[in-house]
S.K.: 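I have a structure I would like to understand better, so I am pasting it below and will then ask my questions one at a time.
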Protein chains: 2
Amino acid sequence: MEKKSAQREQILQEARRLFSQKGYHGTKIRDIANARGILSGSLYSHISSKEDLLFEIASDGAEAFVTAIQSVANSSMTPTEKVRAGLAAHIRVISNHLDVSRVFLHEWHALSDERRDIIQQKRDEYEMYWKDILESGVQAGEFVISDPKFARLLILSVANWVYNWYQPDGELTPEDIADRFANVILFGLRHSE
Amino acid sequence: MEKKSAQREQILQEARRLFSQKGYHGTKIRDIANARGILSGSLYSHISSKEDLLFEIASDGAEAFVTAIQSVANSSMTPTEKVRAGLAAHIRVISNHLDVSRVFLHEWHALSDERRDIIQQKRDEYEMYWKDILESGVQAGEFVISDPKFARLLILSVANWVYNWYQPDGELTPEDIADRFANVILFGLRHSE
DNA sequence: ATATAACAAGCAAGCGCTTGCATAATCGTT
DNA sequence: AACGATTATGCAAGCGCTTGCTTGTTATAT
């Protein structure tokens with residue numbers, strides 16, 4: 001009564017949409033059933049609880065972000081290039097999986113304590129890759145950073161906040177957006193390139 | 001049966017705490033009553049609906065941010081100084097009114113359409129002040145910005161995201177935090193300080 | 001004497017989820 | 001190809017509880 005099935009996948013899709021749009025607590029199990037055209041009880045042939053849906057979506061989000069940054073971190077780019085590519089990868093995940101990203105970045109608080117901890121671990125893992133990128137940039141002499149923690153925090157803030165304003169029908173590609181942000185981050189307002 | 005009264009203010013305080021902590025839909029009217037040591041029905045001697053509480057808190061947040069940026073915008077500082085002071089003002093609002101800020105920046109989505117529009121207008125007003133600061137910086141020759149919209153978006157992203165990680169018992173003052181961010185924003189990773 | 005703010009009780013609606021049953025698709029065995 | 005047996009998926013009904021909020025009444029403070 002679980003895992004892969006076309007119906008289950010479509011239920012997940014509606015859950016993503018609704019959790020992203022109205023929040024976890026704001027979405028009722030009947031809303032999801034309704035969107036699939038079945039009764040709420042029938043959902044439970046495919047899922048075992050509402051919270052399981054949230055956890056599965058949040059986990060998918062976590063994995064998407066970690067996978068994206070890994071391929072950048074493991075590449076042979078210079079730190080400067082990695083900042084550009086990492087930003088682009090992050091924003092690409094958001095643009096390609098907007099609902100999942102919103103749930104992962106916004107609704108994960110509604111999880112139970114243990115499950116929230118699991119997601120938190122993934123977040124920490126993700127941030128660690130950025131820490132490495134920035135540190136290697138300092139060691140290579142490319143970056144002159146007085147406080148590395150705040151440089152990382154700035155990058156992650158900008159990258160995460162994208163889910164609040166990104167419009168899928170906008171003109172700019174994720175790479176365009178990343179480049180514009182990277183220009184400010186790398187050169188600053190007073191010496192922008 | 002409304003407006004100022006010690007009890008009403010304390011109800012608002014609990015609502016701020018709970019909305020901030022568990023979200024609007026995650027907070028039940030009985031939770032608030034319980035925190036005040038009264039029954040849920042007794043709340044309605046002081047408020048007229050749960051959503052009114054949310055709207056009042058969100059409106060207070062909006063006003064706090066707008067007021068803070070106004071005093072910076074109307075000052076005689078240089079644009080560079082205004083960026084530092086504006087960031088500090090923003091972060092000061094968050095640190096001094098953490099719950100209100102979280103509700104204003106995170107939970108306002110739960111409002112009805114009309115009331116969400118009212119809050120959105122306040123957000124737009126706030127952003128306009130930043131737009132002016134950046135534009136005057138460009139005209140004064142202090143900033144070299146290729147895409148002003150993204151410079152503004154970057155600043156607001158960093159400033160807003162603070163509510164996600166700020167710890168009141170941390171060592172750094174809002175001004176410390178603002179300075180560290182401003183250093184990156186003004187000079188970039190490649191030419192910091 | 002009047003106004004205020006609390007309680008006790010509860011309403012109608014909604015909540016996540018379970019149960020018992022019907023229909024149909026899928027299967028291994030002839 | 002035909003068979004009964006198994007499994008998957010939905011509906012109908014509803015359970016026990018919670019939701020935001022209302023009502024009528026009482027205690028207290030001015």
Side-chain angles (χ1 to χ4, degrees), chain A residues 1-59 103 107-116, chain B residues 1-59 103 107-116:
Chain A
M1 148 285 227
E2 210 118 315
K3 279 295 143 186
K4 54 182 161 186
S5 113
Q7 176 67 305
R8 187 183 154 81
E9 182 45 47
Q10 284 181 304
I11 289 169
L12 264 167
Q13 186 150 318
E14 297 297 344
R16 280 192 284 266
R17 225 196 68 233
L18 290 164
F19 289 170
S20 156
Q21 189 176 104
K22 322 201 299 174
Y24 175 72
H25 288 300
T27 300
K28 310 307 173 183
I29 212 71
R30 280 166 174 84
D31 296 337
I32 301 173
N34 222 308
R36 286 299 313 132
I38 61 178
L39 296 184
S40 70
S42 308
L43 274 184
Y44 290 84
S45 299
H46 305 278
I47 68 169
S48 52
S49 79
K50 184 188 173 190
E51 211 213 90
D52 280 4
L53 281 175
L54 176 60
F55 183 61
E56 190 166 336
I57 295 168
S59 298
V103 173
E107 292 301 321
W108 69 298
H109 292 283
L111 285 167
S112 68
D113 289 350
E114 309 104 36
R115 287 175 151 180
R116 198 171 47 240
Chain B
M1 125 337 202
E2 208 120 317
K3 277 296 142 188
K4 54 182 160 186
S5 111
Q7 176 67 304
R8 187 182 154 82
E9 182 45 46
Q10 284 181 306
I11 289 169
L12 264 167
Q13 186 149 317
E14 296 297 343
R16 281 191 282 266
R17 226 196 68 234
L18 290 164
F19 289 170
S20 156
Q21 190 178 104
K22 322 201 301 173
Y24 175 71
H25 288 300
T27 300
K28 311 307 173 185
I29 211 72
R30 278 166 177 83
D31 296 337
I32 301 173
N34 221 310
R36 285 300 311 132
I38 61 176
L39 297 183
S40 70
S42 308
L43 275 184
Y44 290 86
S45 299
H46 305 278
I47 67 168
S48 52
S49 79
K50 185 188 173 191
E51 213 213 88
D52 280 4
L53 282 175
L54 177 60
F55 182 62
E56 190 165 338
I57 296 167
S59 298
V103 172
E107 293 299 324
W108 69 298
H109 292 283
L111 286 167
S112 67
D113 288 350
E114 308 104 36
R115 286 175 150 180
R116 200 171 45 241

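Chain letters run A, B, ... following the sequence lines, proteins first, then strands; residues in each count from 1.
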S.K.: Which residues pass the salt bridge (charged side-chain N to carboxylate O under 4.0 Å, His left out) test with B:E107, sequence neighbours left out?
M.R.: none

S.K.: What is the distance, rounded to the nearest whole Å, between atom CG of A:L43 and atom P of D:dA12?
M.R.: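 So the two atoms are 15 Å apart, to the nearest Å.
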
S.K.: Quick one: is B:Q7 getting a side-chain N or O under 4.0 Å of the C:dT4 phosphate, OP1 or OP2?
M.R.: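 Negative; the distance criterion is not met.
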
S.K.: Within residues 14-22 of chain A, which residues have any heavy atom lying less than 4.0 Å from an atom of DNA chain C?
M.R.: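 Going residue by residue through residues 14-22 of chain A, none turns out to have a heavy atom under 4.0 Å of DNA chain C.
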
S.K.: Could you tell me the separation between the OG atom of B:S59 and the CG atom of B:L54, rounded to the nearest 0.5 Å?
M.R.: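 Taking OG in B:S59 and CG in B:L54, the distance rounds to 9.0 Å.
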
S.K.: Please list, chain by chain and in numerical order, all residues satisfying salt bridge (charged side-chain N to carboxylate O under 4.0 Å, His left out) with A:R36, sequence neighbours excluded.
M.R.: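 Testing A:R36 for salt bridge (charged side-chain N to carboxylate O under 4.0 Å, His left out), a comparison that skips the adjacent residues, returns none.
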
S.K.: For the CZ atom of A:R8 and the CD atom of A:Q13, what is their distance to the nearest 0.5 Å?
M.R.: 13.5 Å

S.K.: Return the angle between end axes of the helix from C:dA1-D:dT30 to C:dC27-D:dG4, with five pairs used per end and rounding to 10°.
M.R.: 10°

S.K.: Name each donor-acceptor pair under 3.5 Å that joins a side chain in residues 26-33 of chain A to protein atoms two or more places apart or in another chain, with its distance.
M.R.:
from	atom 1	to	atom 2	distance (Å)
A:T27	OG1	A:L18	O	3.1
A:T27	OG1	A:G23	O	2.7
A:K28	NZ	A:H25	O	2.8
A:D31	OD2	A:K22	NZ	3.3
A:D31	OD2	A:K28	N	2.9

S.K.: I'd like to check A:Y24 versus A:K50 (side-chain heavy atoms, cut-off strictly below 4.5 Å). Are they in contact?
M.R.: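 A:Y24 reaches A:K50 side chain to side chain.
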
S.K.: Report the distance from atom CD1 of B:I11 to atom CD1 of B:I38, rounding to the nearest 0.5 Å.
M.R.: 5.0 Å

S.K.: Output the rounded distance in Å from NE2 (A:H46) to C1' (D:dT9).
M.R.: 6 Å

S.K.: Let me have a per-nucleotide readout for nucleotides 14-30 of chain D, 5' to 3', with B, S or -, counting only protein heavy atoms under 4.0 Å.
M.R.: B----BBBB--------

S.K.: Hey, does A:E56 have a side-chain heavy atom less than 4.5 Å from the side chain of A:L53?
M.R.: no

